[in-house]
S.K.: 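This structure is in structure tokens; I'll ask about it shortly.
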There are 2 protein chains.
Amino acid sequence: MDGIRSIRAKSGTNLGGASAHNRRIMIDALRVNGALSRADLARATGLTPQAVSNIIEELARDGLVRSQASVRKGRGQPATPYQLVPEGAFAIGLQIDRHVTRTVIVNLVGDVLVQMEAKLPPGGPAQGVVVILDLIRKARNALTAQAPEAEKRLVGLGVAMPGPFGINTLYDDPWMMTAWQNFPLMDRIAEGTGLEAALQNDAAAAATAERLLGAAHGLDHAICIYFGYGLGAGLILNGELYGGAHANAGEIGMILALVPGDGPDVEPLEHYASMAALCKLLDFDPSEPELFAMITDAILRGGPKLEQWMDSVAERLRRTVQILESIFDPQTIILCGGAPRVLIDRLVEKVEPLLPSIAERSRRYPEARLQAGLADPWSAALGAAAEPIARTFDPRFSAILKTV
Amino acid sequence: MDGIRSIRAKSGTNLGGASAHNRRIMIDALRVNGALSRADLARATGLTPQAVSNIIEELARDGLVRSQASVRKGRGQPATPYQLVPEGAFAIGLQIDRHVTRTVIVNLVGDVLVQMEAKLPPGGPAQGVVVILDLIRKARNALTAQAPEAEKRLVGLGVAMPGPFGINTLYDDPWMMTAWQNFPLMDRIAEGTGLEAALQNDAAAAATAERLLGAAHGLDHAICIYFGYGLGAGLILNGELYGGAHANAGEIGMILALVPGDGPDVEPLEHYASMAALCKLLDFDPSEPELFAMITDAILRGGPKLEQWMDSVAERLRRTVQILESIFDPQTIILCGGAPRVLIDRLVEKVEPLLPSIAERSRRYPEARLQAGLADPWSAALGAAAEPIARTFDPRFSAILKTV
DNA sequence: ACTAATAAGTCAAGCGAATTGATTTAATAA
DNA sequence: TTATTAAATCAATTCGCTTGACTTATTAGT
């Protein structure tokens, strides 16, 4: 502790760092705004037109942007807008859930090109990782079959898994997939695929998906409540995903928040509000492949048991939303998840009217206080795929973080 | 909406921006680590020794750092450590509370040089701002009397006020100082002092103080619960203060969180847990100048009424801490505030044992899950003073944010 | 129809902070 | 006494951004 004194400091930067930052800025601006001319980009970023010109030229050479037909908009030379090239980059997303694993491959703008799933064997991660690597291999083959050049432009692989990470089983809870977390999963996957791999929890992945192509597109402050087999939240703060000190931020499934009538023995929120709780209520097998259809049917059929459950979940979510609004002061809160569309939509309806909070301001953004986001079994995998793209091209992984 | 298309983009950067960033990096590293040699700084920041040398030389010329006696630590040329020069910069902090305004002047390392307060007249902001400007004038005179050169090195003025901002009286609540918030306070102060002035809520200011010179020193993820006349939280996320979409993040005083026994008519948290609530309980006049001494006396004397109140507040804080831990996954939570030391310490004691949460990990940081921070009536003013220093010298206001 | 005004975009030279690699200085270890 | 290690500096180079002049393409005004 003396020879290597642990000095805490942020990283310095240099010309290369600044340049990398500016490249990412451009890509980010094009993603959020659609097509922009060089002059637009110069104005928006504060860089000189010449600098923008050089950067755009380089990005075009790299196959990441391309020009559109020029548009005349008044006096002066017409502008040539540039847009992202969808096939400029590809990424793999992998979701590992309790009973199933899903993988998707998306391009730079988030189009899904390949989509595959497999049942996870009960033998735990040692057997599971074999299935996973096999699934990824098949997905890559499918990608190559449909776009031969794509493989060269794979920028990475994102993995989404239920959290929390690094906790020694807080509650004795089979949902926590402890075995998976003590397994060198990421090493095995990185090794097996030859790709850079990053891990995040499923709620964070879903939030990334919302930001890149969902309800949080272009927002800098949004909280995404992920209603899946468990319950979590992805936190978009200052336009970045926030992970906390140990990548466990947003674990709202673990909060012990009461609703009127609860006693001191209240259980963690996700024991009430989650697909797991619903399966228990309806006595459905969560590993059932047709689970979503079954739940959708059940909801459409209705019935007092289900209505009562949704009402009670809505009450808990109503209070959770009030807490999140007070704590984060976000532009909006998004309810999304690996859950059937009808369920998410019904819950959003039932949570209204919201409780009073600081979010109740006269001049609000166009965004509602609470809205529905992406809702399908693939949303976590989609978000996982969005992560490497964000990592590669988002300014937040920029100059400041790493000297190049 | 067509002529000026609102394009959303982050700012680009250039050589000047990178350079400014690196300067701030250096100052930040010296603040957090104490004295460091140029070689240390080079290793810690990833910059070359030559670059560090140039920057340090420039900072020394500007009077912000100075060298200490060189130290021999083994083989090789002895290192010359550099430290921040306390009198390298000064800043004014101003707290505007319900009944009183306080101002402090601190130097670069946070030493308090001047400390003055004044009663606020009941006439509202129009009269109040006169008192405030007069108080600041007196404080500056006192500063000049004790350090004639200091006035030239004033980097700014920070104002701390109770939030939330921009809300049209959510509850009909006399605590919210609505009149002050609809008054062009900051313009008047900036104009009257000739200094750059920034506004934040008192909890955020207290968190800045904790980070620069309190329990959160050097931490990147900490939540500071500010127990003052009201209740709020300052959020330090990724080493930066987080303000939310409208600078109201951390308003935990407004959450409607229940404890066992509460009904649906639960009131906002700060109606139970705050100095205001305590004053009501004890029938103390909050504008009483000797309030802190009176409360301290009352607590030391004890008695069932007070114990019961503290127990009930502790129960609410216990649940709030569990929620904050689950949501933020911080390194630590700090209970601080404009409240007497004994009260803060007693509350921290009484909140134990904490509820189970994801913060309960086997290998925790040295930091406890909950600890006491700064606790005195001046802490918000101190934090307000820390803000301009942070703004001037913190890397977070760096290259990325503004092209120089 | 012609000219002035406006805006997009390029060219070429210059700048400046960091890098690179060689060098100097000052200590300890052998 | 010599080799080794580490801090710090010197001098030359690098490279992306800026500056300012210039070209191109369109509309507005007379």
Side-chain angles (χ1 to χ4, degrees), chain A residues 2-5 7 11-26 35-61 67-82 398-400 402-404, chain B residues 2-5 7 11-26 35-61 67-82 398-400 402-404:
Chain A
D2 196 35
I4 302 164
R5 284 166 55 200
I7 298 173
S11 291
T13 194
N14 54 20
L15 248 189
S19 164
H21 171 76
N22 290 343
R23 266 179 70 117
R24 291 173 222 248
I25 286 288
M26 297 292 156
L36 294 174
S37 71
R38 303 186 184 199
D40 285 337
L41 284 166
R43 275 187 297 269
T45 60
L47 291 172
T48 58
Q50 185 57 56
V52 171
S53 238
N54 295 338
I55 294 167
I56 288 292
E57 200 164 339
E58 196 194 320
L59 290 175
R61 260 205 317 279
S67 60
Q68 299 178 337
S70 62
V71 290
R72 300 184 286 198
K73 46 178 178 180
R75 220 176 246 192
Q77 173 167 321
T80 307
Y82 284 77
S398 200
I400 294 307
K402 210 172 260 173
T403 301
V404 176
Chain B
D2 197 36
I4 303 165
R5 283 165 58 198
I7 299 173
S11 291
T13 193
N14 55 20
L15 248 188
S19 163
H21 171 75
N22 290 343
R23 266 180 70 117
R24 291 172 222 246
I25 287 286
M26 297 293 155
L36 293 175
S37 71
R38 302 185 185 199
D40 284 339
L41 284 165
R43 275 187 297 268
T45 60
L47 292 172
T48 59
Q50 184 57 57
V52 171
S53 238
N54 295 338
I55 294 167
I56 287 293
E57 199 165 340
E58 196 194 321
L59 290 176
R61 259 206 316 280
S67 60
Q68 299 177 337
S70 63
V71 290
R72 299 185 284 196
K73 45 177 178 180
R75 224 176 242 191
Q77 174 166 322
T80 307
Y82 283 77
S398 201
I400 292 308
K402 207 170 261 176
T403 301
V404 176

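Note that this is a predicted model, so its numbers are computed, not measured. Residue numbers begin at 1 in each chain, while the letters A, B, ... track the order of the sequences.
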S.K.: Between dC15(D) atom C1' and Asn54(A) atom CG, what is the distance in whole Å?
M.R.: 11 Å
S.K.: Base, sugar-phosphate, or nothing for Arg23(B), non-hydrogen atoms under 4.0 angstrom?
M.R.: nothing
S.K.: Distance check needed: dA6(D) P versus Arg75(B) CZ, whole Å only.
M.R.: 8 Å
S.K.: May I ask you to verify if any side-chain N or O of Asn14(B) is less than 4.0 angstrom from the OP1 or OP2 atom of dG16(D)?
M.R.: no
S.K.: May I have the distance from Arg24(A) (atom CZ) to dG16(D) (atom C1'), rounded to whole angstrom?
M.R.: 16 Å
S.K.: Restricting to non-hydrogen atoms, name the atom on Ala69(B) and the atom on Pro81(B) that form the minimum distance, rounded to 0.1 Å.
M.R.: O-CD, 3.3 Å
S.K.: So which protein N/O to nucleotides 22-24 of chain D N/O distances come out below 3.5 Å?
M.R.:
{"from": "dT24(D)", "atom 1": "O2", "to": "Gln77(A)", "atom 2": "OE1", "distance (Å)": "2.3"}

S.K.: What contact category does Ser70(B) fall into here, base, sugar-phosphate, or nothing, at under 4.0 angstrom with non-hydrogen atoms?
M.R.: nothing
S.K.: Find out whether Val71(A) and Pro78(A) are in side-chain contact, i.e. whether some heavy atom of one side chain is under 4.5 Å from a heavy atom of the other.
M.R.: no
S.K.: Between the protein and nucleotides 10-13 of chain D, list every N/O to N/O distance that falls short of 3.5 Å.
M.R.:
{"from": "dC10(D)", "atom 1": "N4", "to": "Gln50(B)", "atom 2": "OE1", "distance (Å)": "2.6"}

S.K.: Any side-chain N or O of Thr80(A) below 4.0 angstrom from OP1/OP2 of dG9(C)?
M.R.: yes
S.K.: Whole angstroms only, please: what is the CG-P distance between Leu41(A) and dG9(C)?
M.R.: 9 Å
S.K.: CZ of Arg72(B) versus P of dT4(D): gap in Å, rounded?
M.R.: 23 Å
S.K.: Got a sec, which pairs hit salt bridge (Lys or Arg N to Asp or Glu O under 4.0 Å) with one end in residues 43-54 of chain A, sequence neighbours left out?
M.R.: Asp40(A)-Arg43(A)
S.K.: With DNA chain D as reference, determine whether Leu15(A) or Thr48(A) sits nearer its 5' end, using the nearest nucleotide of each.
M.R.: Leu15(A)
S.K.: Where the side chain of Asn22(A) meets the backbone of Thr13(B), is there a donor-acceptor pair that is under 3.5 Å apart?
M.R.: yes
S.K.: Any side-chain heavy atom of Val52(A) sitting closer than 4.5 Å to one from Met26(A)?
M.R.: yes
S.K.: For Ala79(A) versus Lys73(A), what's the shortest heavy-atom pair and its separation?
M.R.: CB-CE, 4.1 Å
S.K.: Answer whether the closest heavy-atom distance between the side chains of Thr80(B) and Arg38(B) falls below 4.5 Å.
M.R.: no
S.K.: Less than 4.0 angstrom between a side-chain N/O of Arg43(B) and OP1 or OP2 of dA6(D), yes or no?
M.R.: no
S.K.: Let me confirm one number: the OG-CD1 distance from Ser37(A) to Ile7(B), rounded to the nearest 0.5 Å.
M.R.: 7.0 Å
S.K.: For Gly74(B) and Pro78(A), find the nucleotide of DNA chain C closest to each by heavy atoms; which residue's nucleotide sits nearer the 5' end?
M.R.: Pro78(A)
S.K.: Between Arg61(A) and Glu58(A), is any pair of side-chain heavy atoms under 4.5 Å apart?
M.R.: yes
S.K.: Does dG16(D) have its OP1 or OP2 closer than 4.0 Å to a side-chain nitrogen or oxygen of Asn22(A)?
M.R.: no
S.K.: Which whole-number value in Å describes the distance from Glu57(A) CD to dG16(D) C1'?
M.R.: 14 Å
S.K.: Reckon Ser37(A) has a side-chain N or O less than 4.0 Å from the OP1 or OP2 of dA8(C)?
M.R.: no
S.K.: Check the distance between dG9(C)'s P and Leu36(A)'s CG and give it to me in whole angstrom.
M.R.: 11 Å
S.K.: Roughly how many Å is it from CD1 in Ile25(B) to P in dA17(C), rounded to a whole number?
M.R.: 17 Å
S.K.: Does Ser19(B) have a side-chain nitrogen or oxygen under 4.0 Å from the phosphate oxygens OP1 or OP2 of dG16(C)?
M.R.: no
S.K.: To the closest 0.5 Å, what do you measure between CZ (Arg24(B)) and CD1 (Ile55(B))?
M.R.: 12.0 Å
S.K.: Where each residue is assigned the nucleotide of DNA chain D containing its nearest heavy atom, which of Ala51(A) and Ala39(B) is assigned the position nearer the 5′ end?
M.R.: Ala39(B)
